[in-house]
J.: 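Below is a structure I'd like to ask you about.
Chain identifiers are assigned alphabetically (A, B, ...) following the order of the sequence lines, protein sequences preceding nucleic acid strands; residue numbering begins at 1 within each chain.
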Amino acid sequence: MEREIRTRFAPSPTGHLHIGNARTAILNWLFARHGGGSFLVRIEDTDQERSTAASEEMILEDLRWLGLEWDEGPGVEGPFGPYRQSERQELYARHIAGLLENGRVYPCYCTAEELDLRRQERLERGESTNYDGRCRSLTHEQKQRHEREGRRPVIRFRSDETRDVAFTDLVRGDVLFPGSNIGDFVIARQNGIPMYNFCCVVDDHLMRITHVLRGDDHVSNTPRQVLLYEAFGWETPLFGHSPMILGNNRERLSKRHGATSVSQYREAGYLPQALVNFLSLLSWSSESGDEILPPDRLVSEFTVDRLSKSAAVFDTVKLTWMNGLYIRNLDANTLGGLLRPFLRSAPAADLSVERMETIARLLQERLETLADIDEKAAFLFADRPRPESDEAAAMLGEPDAQRVIRELLTISGNADSWHAERFPELMKQVQAATGVKGKMLWMPVRIALTGMMHGPDLASTFGFLGRDRCRLRLEAALAGP
RNA sequence: GUCCCCAUCGUCUAGCGGUUAGGACUCAGGAUUUUCAUUCCUGCAACAGGGGUUCGAUUCCCCUUGGGGAUGCCA
């Protein structure tokens, strides 16, 4: 019988939401939405040293920003909560007790130092680095002695070296791990708090997770988890391991490769839809062959069987291109609103909804990120844009250029309208009066008005600047440098 | 060391025994445009190597090489 699909994203709150983890979240979200199931978020904060509430909030905020709303999780209580592992300790304790009782796990009193030493020796002898099993069959008396010495045990899983573990992976097919390689892994620390592999199994089962989609780096954890499911007598969920995201040197994406957290991209002016679209295309492709896929298309077209098995390099150049495309596809009003917080250099008067919309329309097709706006729009607000180069200054100094500007100043002096639509007509009159045309007609005006030889549509710029600013700039250009 | 996995243009990818190996980004050239940008067109560029299997391998199998991951009282 088909169960309702339930997936989860289980971040550990030890920093920002990493790009790689965001992709995992997207995969789980897409899979659940595609199948009409539920997407949950579970906070894996069993590492007390590193977990912080602040980073939990940052991660949740980034997920919300990406548009990955969850059906159960922090802030959205459901029937299988709590959704924070630190709040589920009694649950874990109960399950460990059960395993302790039937001997599937045992206390191990070896200290980290002893373990380290012995592992080193075994490595040098060319032996397996697994736990050597010293505490496997301690007598009651031996345990007592250790306790009296003040040792606190960790809890280890008793695994069978002779039993290989197999599971079927949704993306890589049948995977087999030799039992000799699994070893007696730790399921609970000295302080009693259970570890990832254990909590993950208990929670996924109790939360009725049907599909576990996660990064490649978890494949070798999977056999341990499968063993745990077996020990509990539980059915395993289906596992699917997506390939890693690599940096340009083909190593696992890390800080060394520049921006690696979702928040950094948000701050750099990337659109969530573009980021989600781009990340979805890493190790996955739509059967349609299309690449520009807004969230709704991603949801309807996503299937795990189109996930590839090989890792993908995170290419910010293509991401940036895609972001520019999404920016160009925005309507000017929306874009204006998104742009406002990035526009540091503009006077307050130009930040109104109407003005922002105009600015957006003016510069929309030359923005790759929202953050580009500050630099691209700067010329609009400068008191008197200086010519950007000697070449521009020289051109402005040409006799014809001066005539053009003087004529425009004269003609526009009586102009009643300073709207962009009036501009072409004004320029036609200037051309008629001066006999100058082509580049020598337009370029001086462009340089006078913007200081630049390249820029957005002149008529619109003229309209945006308005009477006072235009006249000021034209007069300045006449006066010379 | 041991175990697992991966391998098509520089990058992201399509391909699921027979294709002129397709698309996207980047780059180069061109068209449009008063400039630039946008948009459109064209071009450069790939099956890691070696063995098999097969009438036929990019595709299936093995080995080599290269790369990634795991090997934690992190997740």
Side-chain angles (χ1 to χ4, degrees), chain A residues 10-14 21 44-47 49-51 85 108 110-112 115-116 119 122-130 152-156 169 171-172 175-178 180-183 185-197 199-200 214-223 241 243-244 246 248-252 278 281-287 289-292 306 308-322 324-325 328 363-368 376 424 427 431 437-443 445-447 450 452-459:
Chain A
S12 67
T14 55
N21 290 134
E44 309 227 322
D45 54 354
T46 61
D47 185 343
E49 317 271 274
R50 301 195 301 149
S51 299
Q85 290 185 332
C108 165
C110 300
T111 65
L115 252 24
D116 207 46
R119 178 174 324 159
R122 286 160 70 84
L123 191 61
E124 278 159 22
R125 271 183 268 129
E127 293 172 18
S128 152
T129 53
N130 290 339
R152 304 287 308 139
V154 301
I155 307 297
R156 283 186 188 273
D169 191 289
V171 352
R172 48 195 67 222
V175 184
L176 180 81
F177 278 84
S180 58
N181 227 266
I182 296 173
F185 54 95
V186 176
I187 64 161
R189 303 169 169 84
Q190 262 182 354
N191 65 11
I193 296 179
M195 299 192 55
Y196 164 72
N197 278 131
C199 300
C200 181
R214 74 225 312 192
D216 226 341
D217 47 342
H218 283 288
V219 284
S220 46
N221 281 322
T222 309
H241 291 95
M244 299 276 88
L246 276 22
N248 4 67
N249 60 172
R250 298 212 139 262
E251 272 174 34
R252 182 197 188 123
F278 180 75
L281 256 24
L282 259 27
S283 300
W284 181 82
S285 62
S286 161
E287 195 174 5
D290 294 343
E291 293 199 313
I292 303 307
R306 290 198 62 83
S308 91
K309 291 192 259 192
S310 46
V313 171
F314 186 76
D315 179 11
T316 50
V317 173
K318 185 162 181 178
L319 197 216
T320 303
W321 162 79
M322 189 175 280
L325 194 80
R328 273 170 254 137
L363 272 353
Q364 184 160 29
E365 62 196 23
R366 47 232 307 145
L367 298 177
E368 286 193 305
K376 295 270 197 249
M427 288 301 284
Q431 181 182 338
K437 55 183 178 180
K439 198 176 176 184
M440 261 328 273
L441 171 70
W442 295 92
M443 200 47 85
V445 178
R446 172 173 295 284
I447 296 170
T450 70
M452 306 181 299
M453 296 185 67
H454 309 299
D457 177 62
L458 252 194

J.: Quiz question: going by heavy-atom distance under 3.5 Å, is there a donor-acceptor pair between the base of B:A70 and the side chain of A:D216?
T.: no

J.: Nearest to the side chain of A:R50 - B:C74, B:C73, B:A75?
T.: B:C74

J.: Could you tell me whether the phosphate oxygens of B:C73, OP1 or OP2, come under 4.0 Å of any side-chain nitrogen or oxygen in A:R152?
T.: no

J.: How close do A:H241 and A:D216 get, heavy atom to heavy atom, and via which atoms?
T.: CB-CA, 4.2 Å

J.: Any strand is fair game: report the nucleotide pairing with B:U65 by Watson-Crick or G-U wobble, both distances under 3.5 Å, or none.
T.: B:A7

J.: Let's see if you can work this out: which of B:C73, B:C5, B:U34 has an atom nearest to the side-chain heavy atoms of A:R172?
T.: B:C5

J.: So which protein nitrogen or oxygen atoms get under 3.5 Å of nucleotides 38-43 of chain B's nitrogens or oxygens?
T.:
unit_1	atom_1	unit_2	atom_2	d
B:U38	O3'	A:R328	NH1	3.3
B:U39	OP1	A:R328	NH1	2.7

J.: Without decimals, in angstroms, what is the distance between A:R214 CZ and B:C5 P?
T.: 16 Å

J.: Provide, to the nearest angstrom, the distance between the NZ atom belonging to A:K439 and the P atom belonging to B:U35.
T.: 9 Å

J.: Tell me the closest heavy-atom pair linking A:R306 and A:E287, and the distance in Å.
T.: NE-N, 3.4 Å

J.: Does the A:N130 side chain pair with the main chain of A:S180, one donor and one acceptor, at a distance under 3.5 Å?
T.: yes

J.: So what does A:E124 hit on the nucleic acid, given a heavy-atom distance under 4.0 Å: a base, only sugar-phosphate, or nothing?
T.: nothing

J.: How far apart are the closest heavy atoms of A:P223 and A:I182, and which atoms are they?
T.: CB-CD1, 3.9 Å

J.: If we take the P atom in both B:A70 and B:U53, what is their distance in whole Å?
T.: 39 Å

J.: Check whether any side-chain N or O of A:S12 sits under 3.5 Å from a backbone N or O of A:T14 as a donor-acceptor pair, and report yes or no.
T.: no

J.: I need the CZ-C1' distance between A:R119 and B:U71, as an integer number of Å.
T.: 9 Å

J.: For B:U42 and B:C6, measure between their P atoms and round to the nearest Å.
T.: 37 Å

J.: Give none if B:U19 has no partner; otherwise give the nucleotide forming a Watson-Crick or G-U wobble pair with it, both distances under 3.5 Å.
T.: none

J.: Report the distance from atom CZ of A:R446 to atom CG of A:L441, rounding to the nearest 0.5 Å.
T.: 12.0 Å

J.: Looking across every strand, which nucleic acid part, if any, lies under 4.0 Å from A:N221 by heavy atom: base, sugar-phosphate, or nothing?
T.: base

J.: Using heavy-atom distances to pick each residue's nearest nucleotide on RNA chain B, tell me which of A:G289 and A:T111 is more 5'.
T.: A:G289

J.: Which nucleotide, if any, forms a Watson-Crick or G-U wobble pair with B:U2, using both distances under 3.5 Å?
T.: B:A70

J.: Could you list all N or O pairs between the protein and nucleotides 57-66 of chain B that sit under 3.5 Å apart?
T.:
none

J.: Just jot down the side-chain hydrogen bond (donor to acceptor under 3.5 Å, both in side chains) partners of A:K318, sequence neighbours excluded, or say none.
T.: A:E291

J.: Taking only the P atom of each, what is the distance from B:U58 to B:A46 in whole angstrom?
T.: 15 Å

J.: Which of these nucleotides, B:C73, B:C4, B:G69, is closest to any side-chain atom of A:F177?
T.: B:C4

J.: Restricting to non-hydrogen atoms, name the atom on A:A10 and the atom on A:E44 that form the minimum distance, rounded to 0.1 Å.
T.: CB-OE2, 3.4 Å

J.: I'd like to check the ring pair (Phe, Tyr, Trp, His ring centres under 6.0 Å) partners of A:F278; sequence neighbours left out, ordered by chain and number.
T.: A:F314

J.: For A:S283, is there any backbone N or O sitting under 3.5 Å from a side-chain donor or acceptor partner on A:S310?
T.: no

J.: With rounding to the closest Å, how many angstrom separate the P atoms on B:C60 and B:U8?
T.: 13 Å

J.: Specify the separation, in whole Å, of atom CG of A:L115 and atom C1' of B:U71.
T.: 14 Å

J.: I'd like to know whether A:C200 forms a side chain to side chain contact (heavy atoms under 4.5 Å, CB included) with A:R214, so could you lay out the CA-CA distance, the side-chain angles of the two residues, the decisive distance to 0.1 Å, and finally the verdict.
T.: CA-CA 12 Å; A:C200 181; A:R214 74 225 312 192; 3.9 Å; yes

J.: A:N221: which residues meet the side-chain hydrogen bond (donor to acceptor under 3.5 Å, both in side chains) condition with it, sequence neighbours left out?
T.: A:H218

J.: Dump the pairs, protein N or O against N or O of nucleotides 9-14 of chain B, anything under 3.5 Å, distances to one decimal.
T.:
unit_1	atom_1	unit_2	atom_2	d
B:C12	OP1	A:R250	NH2	3.3
B:C12	OP1	A:V313	N	2.9
B:C12	O2'	A:L281	O	3.2
B:U13	OP1	A:S283	N	2.1
B:U13	OP1	A:S283	OG	3.3
B:A14	OP1	A:S285	OG	3.4

J.: For B:C74 versus B:G67, give the span between their C1' atoms, rounded off to a whole number of Å.
T.: 25 Å

J.: In whole Å, what separates the C1' atom of B:U59 from that of B:G18?
T.: 11 Å

J.: Round to the nearest Å and state the distance from A:H218 atom NE2 to B:C4 atom C1'.
T.: 15 Å

J.: How many Å lie between CD1 on A:I292 and P on B:G23, as a whole number?
T.: 16 Å

J.: Please report, rounded to the nearest Å, how far the C1' atom of B:A70 is from the CZ atom of A:F185.
T.: 14 Å

J.: Side chains of A:M195 and A:V154: closer than 4.5 Å at any heavy-atom pair?
T.: no

J.: What interatomic distance, in whole Å, is found between P of B:C27 and the corresponding atom of B:G66?
T.: 33 Å

J.: Is there a Watson-Crick or G-U wobble partner for B:U39 with both distances under 3.5 Å, and which nucleotide is it?
T.: B:A31

J.: Taking only N and O in the side chain of A:R189, is any of them less than 4.0 Å away from OP1 or OP2 of B:A75?
T.: yes

J.: Between B:C4, B:G68, B:A75, which nucleotide gets closest to the side-chain atoms of A:R252?
T.: B:G68

J.: Please report the distance separating the C1' of B:U26 from the corresponding atom of B:A45, rounded so that it comes out in whole Å.
T.: 11 Å

J.: Mind checking A:C110 for me? I need base, sugar-phosphate or nothing, with any heavy atom below 4.0 Å counting as a touch.
T.: base

J.: What is the nucleic acid contact for A:I182, judged by heavy atoms within less than 4.0 Å: base, sugar-phosphate only, or nothing?
T.: nothing

J.: Closest heavy-atom contact between A:I292 and A:L325?
T.: CD1-CD2, 3.3 Å

J.: A:E49 has an atom CD; how far is it from atom P of B:A75, in whole Å?
T.: 11 Å

J.: Considering non-hydrogen atoms only, spot the tightest contact between A:S51 and A:D45 and give its length.
T.: OG-CA, 3.4 Å

J.: Could you check A:N191 against A:D217 and say which one's nearest nucleotide on RNA chain B is further toward the 5' end?
T.: A:D217

J.: Checking contacts here: which listed nucleotide (B:C74, B:C73, B:U35) is nearest the side-chain heavy atoms of A:Q190?
T.: B:C73

J.: With a non-hydrogen cut-off below 4.0 angstrom, is A:M195 in contact with a base, only sugar-phosphate, or nothing?
T.: sugar-phosphate

J.: Classify A:D457 by what it touches in the nucleic acid, base, sugar-phosphate, or nothing, heavy-atom distance under 4.0 Å.
T.: base

